[in-house]
Asks: 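Below is a structure I'd like to ask you about.
What you are looking at is a predicted structure, and each value in this text was computed from that prediction instead of being measured. The sequence lines fix the lettering, A, B, ..., with proteins before strands; numbering per chain opens at 1.
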Amino acid sequence: GAVVSQHPSRVICKSGTSVKIECRSLDFQATTMFWYRQFPKQSLMLMATSNEGSKATYEQGVEKDKFLINHASLTLSTLTVTSAHPEDSSFYICSAGQTSSGEQFFGPGTRLTVL
Amino acid sequence: AQKVTQAQTEISVVEKEDVTLDCVYETRDTTYYLFWYKQPPSGELVFLIRRNSFDEQNEISGRYSWNFQKSTSSFNFTITASQVVDSAVYFCALSEFGSSNTGKLIFGQGTTLQVKP
């Protein structure tokens with residue numbers, strides 16, 4: 001299957017700083033990428049849908065000014081957690097979708113810890 | 001609205017036992033996909049299967065099998081002769097392809113499977 005990478009895999013930061021997470025589709029072009037968040041012992045919750053060259057679509061309850069998403073190319077989407085706080089500590093997972101086939105390929109995830 | 005329910009929060013079995021993980025879904029669309037993913041302690045999601053709404057054939061892959069019943073909106077997953085390495089959290093998910101055609105996934109709550117030696 002196709003490969004999706006995420007960087008960094010793990011990040012620890014101080015409260016108030018911003019953190020950028022990259023999601024790359026390595027061997028295919030992804031017109032759509034998705035960002036999910038998973039709190040400990042909980043399910044994955046979709047945060048936003050990112051379409052190349054246009055603004056992301058955020059799910060209800062997700063602050064777009066706090067979670068900035070940029071999808072500047074067909075192989076890269078970034079999620080920036082601005083002014084991170086301890087409650088933003090979570091596992092963030094991206095996926096790249098091929099809408100024609102319905103397949104989604106997941107990245108390995110980024111574990112964010114905000115002190 | 002679409003919804004996926006995995007009523008079993010945790011299941012514990014002894015190695016070599018068979019175990020079935022339940023998944024019930026809700027959707028208004030006639031075209032959709034159903035998925036199962038495995039999430040080991042490392043956190044990375046492992047794709048297990050994708051089934052479209054028009055294909056109700058059951059599927060078997062090694063020790064894994066899936067039973068898709070549209071009449072009851074269920075997509076259950078069975079592991080036969082379970083092994084310790086099967087211990088993980090398993091997620092069932094639904095993807096709709098309505099007018100938006102986004103393919104976003106709606107996940108169930110997950111079932112934690114513990115296989116004891």
Asks: Could you walk me through whether B:L45 and A:F105 pass the side chain to side chain contact (heavy atoms under 4.5 Å, CB included) test, one step at a time?
Replies: CA-CA 9 Å; B:L45 284 176; A:F105 303 96; over 6 Å; no

Asks: Which atoms form the tightest heavy-atom contact between B:Y37 and A:Q104, and what is the distance?
Replies: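 Nearest pair, atom of B:Y37 first, then A:Q104: OH-O, 4.0 Å.
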
Asks: Would B:F77 and B:Y25 show up in the same hydrophobic cluster when neighbours are defined by side-chain heavy atoms closer than 4.5 Å?
Replies: yes

Asks: Please state whether the side chain, the backbone, both or neither of A:Q38 comes within less than 4.5 Å of a heavy atom of chain B.
Replies: side chain

Asks: Counting heavy atoms not belonging to A:E87, are there more than 12 under 6.0 Å from its CD?
Replies: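 Yes, enclosed.
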
Asks: Take atom NZ of B:K16 as the centre, draw a 6.0 Å sphere, and report whether it contains more than 12 heavy atoms from other residues, nucleotides or ligands.
Replies: no

Asks: Please report the interatomic distance NZ(A:K41) to OG1(B:T9), rounded to the nearest 0.5 Å.
Replies: 12.0 Å

Asks: As a quick check of understanding, evaluate side chain to side chain contact (heavy atoms under 4.5 Å, CB included) for A:L44 and B:F91, giving each step before the final call.
Replies: CA-CA 9 Å; A:L44 283 79; B:F91 290 100; 4.1 Å; yes

Asks: Are more than 12 heavy atoms from other residues, nucleotides or ligands located less than 6.0 Å from atom NZ of B:K70?
Replies: yes

Asks: Does A:S43 use its side chain to pair, donor to acceptor, with the backbone of B:G110 at less than 3.5 Å?
Replies: no

Asks: Mind listing the closest non-hydrogen atom pair of A:F91 and B:G43 along with its distance?
Replies: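 Looks like CE2-O, 3.4 Å.
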
Asks: Going by heavy atoms in the side chains, are B:K104 and A:E59 under 4.5 Å from each other?
Replies: yes

Asks: For A:H85, does the NE2 atom have more than 12 heavy-atom neighbours from other residues, nucleotides or ligands under 6.0 Å away?
Replies: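 Enclosed.
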
Asks: Which answer fits B:Q39, side chain, backbone, both or neither, if we ask what part of it has an atom under 4.5 Å from a heavy atom of chain A?
Replies: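 For B:Q39, the side chain is the part near chain A, not the backbone.
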
Asks: Shared ILVMFWY cluster between A:L68 and A:V114, side chains joined below 4.5 angstrom?
Replies: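 Shared cluster, no.
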
Asks: Take a 6.0 Å sphere around CG of A:L115 and say whether it holds more than 12 heavy atoms from other residues, nucleotides or ligands.
Replies: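 Above 12, so yes.
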
Asks: If two hydrophobic side chains count as joined below 4.5 Å and joins carry through other members, does A:L79 share a cluster with A:V62?
Replies: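 Yes, one cluster joins them.
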
Asks: Can you tell me which portion of B:F47 sits under 4.5 Å from chain A's heavy atoms? Options are side chain, backbone, both or neither.
Replies: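 Looking at B:F47, nothing touches chain A.
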
Asks: For B:F107 together with A:Y36, are the ring centres under 6.0 Å from each other?
Replies: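 Aromatic pair counts; centres sit under 6.0 Å.
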
